[in-house]
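Note on naming: letters A, B, ... go to the chains in the order of the sequence lines (proteins, then strands), and numbering restarts at 1 for each one. Treat the numbers as computed from the prediction; the structure is a model and nothing was measured.
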Amino acid sequence: MIKITLPDQSVREYASGITGMDIAQSISPRLAKEVLSITVNGDVWDLSRPINHDASIKLHKWDDAEGKHAFWHSSAHLMAEALQELYPGVKFGIGPAIENGFYYDVDLGDGKTISDADFITIENKMQELASRKLDYKRTEVAKNQALEFFARKKEEYKVELINDLEDGTISFYEQGNFTDLCRGPHLPNTEFIKASKILSVAGAYWRGDEKRKQLTRVYGITFPKKSMLDEYIVLLEEAKKRDHRRLGKEMELFTFSQRVGQGLPLWLPKGAQLRERLENFLKRVQRGYGYEPVITPHIGQKELYVTSGHYAKYGADSFQPIHTPAEGEEFLLKPMNCPHHCEIYRFKPRSYKDLPLRFAEFGTVYRYEQSGELHGLTRVRGFTQDDAHIFCRPDQLKEEFIKVIDIVLYIFKTLEFNEFTAQISLRDPNNKEKYIGSDENWEKAERAIIEASEEKGLKTTVELGEAAFYGPKLDFMVRDAIGRKWQLGTIQVDYNLPERFDLEYIGNDDKRHRPVMIHRAPFGSMERFVAVLIEHTGGKFPLWLTPEQAVVLPISEKYNDFAKKVSNILNNSDIRTAIDDRNEKIGRKIRDNELKRIPYLLIVGEKEFETNTISVRKQGDGDKGSMSIEDFAAMITKEIDELIKY
RNA sequence: GCCGGUGUAGCUCAGUUGGCCAGAGCAGCUGAUUUGUAAUCAGCUGGUCGGGGGUUCGAAUCCCUCCACCGGCUCCA
């Protein structure tokens with residue numbers, strides 16, 4: 001007999017060789033119907049794999065990441081089998097589960113492609129196979145057997161994968177007519193998969209290497225219930241409706257021009273105002289934290305970036321130098337603000353008493369992104385960072401770090417990003433030579449970040465080896481209103497630039513010391529942040545940010561003068577108010593302005609004119625009755641004050 | 001940059017296998033109507049069909065090429 005410990009620490013005894021499915025069955029038949037995989041002593045296993053020793057286990061259903069993972073991984077195999085039937089001769093690369101679904105990289109053979117029109121055929125084939133209730137069977141094989149098997153099938157990609165594996169740990173999974181090299185785990189059988197959808201196809205280099213063959217990557221998603229697929233499709237449609245590229249155009253916030261150049265956003269008046277409001281908001285917050293504004297030009301001498309080290313690393317893949325007509329000088333469009341800020345630090349000798357210095361600038365930078373990489377406002381070639389560089393003494397690092405976290409948290413709270421996580425990126429302890437700076441400084445910096453995050457109670461993940469070569473960092477990820485993740489702000493510690501620019505301060509020991517730099521951008525970039533804000537809010541911005549807060553709707557032309565008076569009073573109270581004096585019926589005006597996401601519609605007609613009032617309609621909430629203009633102004637002012645306090 | 005897809009009016013889209021002056025709705029303009037809580041009616045304007053080249057008696061439609069956009073890959077100071 002063996003002892004099986006469940007997550008609640010209760011212990012059950014079973015005969016050796018019991019499987020996860022047997023255990024589920026013994027707990028409840030209902031559980032047995034829903035369970036998808038099992039964790040055994042920390043490893044995720046198939047439910048059909050025998051357990052031969054004492055173990056702690058956890059059974060996974062759809063709600064667990066592990067359960068979904070097994071489900072989608074098995075679905076990738078199912079799709080592969082479908083492709084094998086539909087495209088004879090297809091060769092397989094890799095087919096993992098991903099955050100939302102799975103993909104399989106396949107080589108269809110020369111000249112063959114899969115297009116949108118083929119998706120339905122693949123989906124139908126998958127469901128046909130699934131309904132046959134094919135078991136996923138695990139076998140363990142020796143390396144030479146595995147090689148022989150796939151060599152015979154002319155699966156050169158699999159052969160390559162196996163060659164890179166250690167002997168003795170190789171497992172195959174087989175369902176129906178499809179056998180794959182796979183670590184698992186998998187579902188018991190294909191019948192769990194009740195709904196399949198092929199989402200897209202794309203090219204993907206074999207093993208991520210652009211010098212190697214490009215395979216066809218087929219993306220799909222599956223569900224244990226048909227209704228869940230329907231819900232997912234609704235979510236995709238909702239995401240489409242919120243797409244910032246679409247709303248940016250519709251709400252007249254920004255545009256792109258082929259003539260200006262790809263990846264170079266043009267901010268339209270309403271978008272520029274929105275952005276300016278965000279900037280002013282952050283400027284005020286930063287003023288309170290002791291930041292000092294600086295302004296630097298958009299270009300700098302090439303030598304500046306040679307000094308910073310960026311030229312060596314990125315020069316060839318950047319916009320190429322600008323040459324002066326006479327002197328033969330070379331300038332680069334600035335790809336970041338830090339070198340300029342370092343020169344500001346160097347303006348005069350600094351004392352330990354001067355530190356920390358916090359130089360802030362909404363600095364516009366230009367980076368040559370590959371053309372296929374550009375995407376709306378989230379990936380552009382010219383963008384403005386809400387940048388600042390803090391120059392401090394090593395002993396001030398943690399305190400400064402905490403203050404930056406405070407700013408980030410305040411921004412998230414004000415803009416209602418209520419769900420977020422932070423990723424701490426540390427250096428790879430086995431690869432220390434990849435990084436610049438002393439061990440002592442690294443340890444100090446990493447400890448500072450970890451402790452600062454703990455003190456602020458951040459929900460963090462730690463990634464080893466993800467640090468920049470010049471220092472560890474903390475990145476913030478927010479979850480938007482429909483559950484998607486976006487990376488926003490970043491805080492990075494840097495020992496490299498102070499070194500390269502030979503930055504110093506005089507300590508209280510009268511000796512020269514090296515300051516530490518913190519790079520930080522709570523929004524990340526204005527472009528990206530506005531994009532995320534649009535997608536998060538679906539264009540229904542917080543009242544204090546929205547371009548037009550209220551529109552006065554006169555019932556007929558007779559009340560245009562009164563409407564004018566109302567809007568003047570409100571605008572004088574800093575409430576951004578427009579008038580819709582088109583020759584339209586009131587129903588039409590309401591409809592159009594609701595669709596424009598105007599927070600408050602103010603209707604004025606005979607009744608309101610007589611009593612000097614307005615009839616208020618709140619966006620999405622209908623008629624709120626009438627009130628005096630002054631009461632409305634006070635109400636709005638109060639509402640904004642509650643949203644944003646600075 | 002690479003693979004695949006898309007490109008028709010400001011926006012959303014029709015335009016069958018190449019064939020009269022390229023269409024619709026919305027937006028815009030003009031006029032009528034003077035309106036009470038999510039679309040008043042009528043008329044009009046607007047497109048070198050992404051750019052260039054080619055095939056053809058004839059091209060939005062077929063071919064080549066360039067550009068931009070979309071989905072990914074690679075990259076991201």
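- Closest to the A:Ser615 side chain, of the nucleotides B:U35, B:C73, B:U37, is B:U37.
- For A:Glu535 and A:His244, the side-chain atoms include at least one donor-acceptor pair closer than 3.5 Å.
- Below the 3.5 angstrom threshold, one finds no donor paired with an acceptor across the side chain of A:Arg588 and the base of B:A39.
- Note on A:Tyr219: a side-chain N or O is less than 4.0 Å away from OP1 or OP2 of B:C73.
- A:Tyr495 has its OH atom 19 Å from the C1' atom of B:A77, to the nearest Å.
- A heavy-atom distance below 4.5 Å is not found between the side chains of A:Lys240 and A:Arg246.
- To the nearest angstrom, C1' of B:A27 lies 11 Å from CD of A:Glu252.
- With B:A77, B:A38, B:G36 as the candidates, the nucleotide lying closest to the side chain of A:Ile590 is B:A38.
- In this structure, A:Phe119 atom CZ and B:G5 atom P are separated by 11 Å, rounded to whole Å.
- Side chain of A:Arg217, nearest nucleotide from B:U37, B:A77, B:C73: B:C73.
- Residue A:Lys589 is classed as having no contact, given no heavy-atom separation below 4.0 Å to the nucleic acid.
- Under 4.0 angstrom from either OP1 or OP2 of B:C73 there lies no side-chain N or O belonging to A:Tyr205.
- Residue A:Lys249 places its side chain closer to B:C11 than to any other of B:C11, B:G1, B:C73.
- Inspection of the A:Thr461 and A:Glu463 side chains reveals no N or O donor paired with an N or O acceptor under 3.5 Å.
- Distances were taken from every side-chain heavy atom of A:Arg379 (C-beta onward) to each of B:U37, B:U35, B:C76; the shortest belongs to B:C76.
- Helical stems of RNA chain B (runs of at least 3 Watson-Crick or G-U pairs, donor-acceptor distances under 3.5 Å) are listed by first residue: B:1-7 with B:67-73, B:10-13 with B:23-26, B:28-32 with B:40-44, B:50-54 with B:62-66.
- Taking atom C1' in both B:G58 and B:G72, the straight-line distance is 41 Å, to the nearest Å.
- A:Tyr345 has its ring centre less than 6.0 Å from the ring centre of A:Phe391.
- As rounded to the nearest Å, B:C3 and B:A39 have C1' atoms that lie 45 Å from one another.
- Separating the NZ atom of A:Lys240 from the P atom of B:G71 is a distance of 10 Å, rounded to the nearest angstrom.
- Using a 4.0 Å cut-off, some side-chain N or O of A:Lys558 falls inside it from OP1 or OP2 of B:U35.
- Between A:Arg520 and A:Glu400 there is no salt bridge, since none of the side-chain N atoms of the basic residue sits less than 4.0 Å from a carboxylate O of the acidic one.
- Rounding to whole angstrom units, CG of residue A:Leu108 and P of B:G4 are separated by 11 Å.
- With salt bridges taken as basic N to acidic carboxylate O contacts below 4.0 Å, none links A:Lys241 and A:Glu250.
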Which nucleotides of nucleotides 65-70 of chain B have their base under 4.0 Å from a protein heavy atom (B), which only their sugar-phosphate (S), and which neither (-), written as one string 5' to 3'? --SSSS
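- As rounded to whole Å, 16 Å separates atom P of B:G71 from atom CG of A:Asn100.
- The side chain of A:Pro335 lies closest to B:A77, out of B:A77, B:U34, B:G72.
- Between A:Lys334 and A:Glu361, at least one side-chain N (NZ, or NE/NH1/NH2) sits under 4.0 Å from a carboxylate O, which counts as a salt bridge.
- A:Ser308 comes within 4.0 angstrom of no nucleic acid atom, judged by non-hydrogen atoms across all strands.
- Under 4.0 Å is where a charged nitrogen must lie from a carboxylate oxygen, and between A:Arg207 and A:Asp209 no such pair does.
- The side chain of A:Glu594 approaches B:A38 more closely than any other nucleotide in the set B:A38, B:G71, B:C75.
- Taking atom CD on A:Gln214 and atom C1' on B:G4, their separation rounds to 9 Å, with Å as the unit.
- Between the base of B:G36 and the side chain of A:Tyr559 there is no donor-acceptor pair shorter than 3.5 Å.
- A salt bridge does not link A:Lys558 with A:Glu606: every distance from a Lys NZ or Arg NE/NH1/NH2 to an Asp or Glu carboxylate oxygen is 4.0 Å or more.
- In this structure, the CD atom of A:Glu557 is 16 Å from the P atom of B:U40, given to the nearest Å.
- Here A:Asp480 does not pair with A:Arg242 in a salt bridge; the nearest charged N to carboxylate O distance is not below 4.0 Å.
- Between the side chains of A:Thr222 and A:Ser196, no donor N or O sits under 3.5 Å from an acceptor N or O.
- Between A:Tyr314 and A:Tyr368, the distance separating the two ring centers is not shorter than 6.0 angstrom.
- When the nucleotides B:A77, B:U40, B:G36 are ranked by their closest atom to the side chain of A:Gln492, B:A77 comes out on top.
- Side-chain atoms of A:Arg207 stay outside donor-acceptor range of the base of B:C73, with no qualifying N/O pair under 3.5 Å.
- In the set B:G71, B:U37, B:U40, B:U40 carries the atom at the smallest distance from any side-chain atom of A:Glu584.
- Relative to the side chain of A:Arg591, the nucleotides B:U37, B:G72, B:A39 differ in distance, and B:A39 lies closest.
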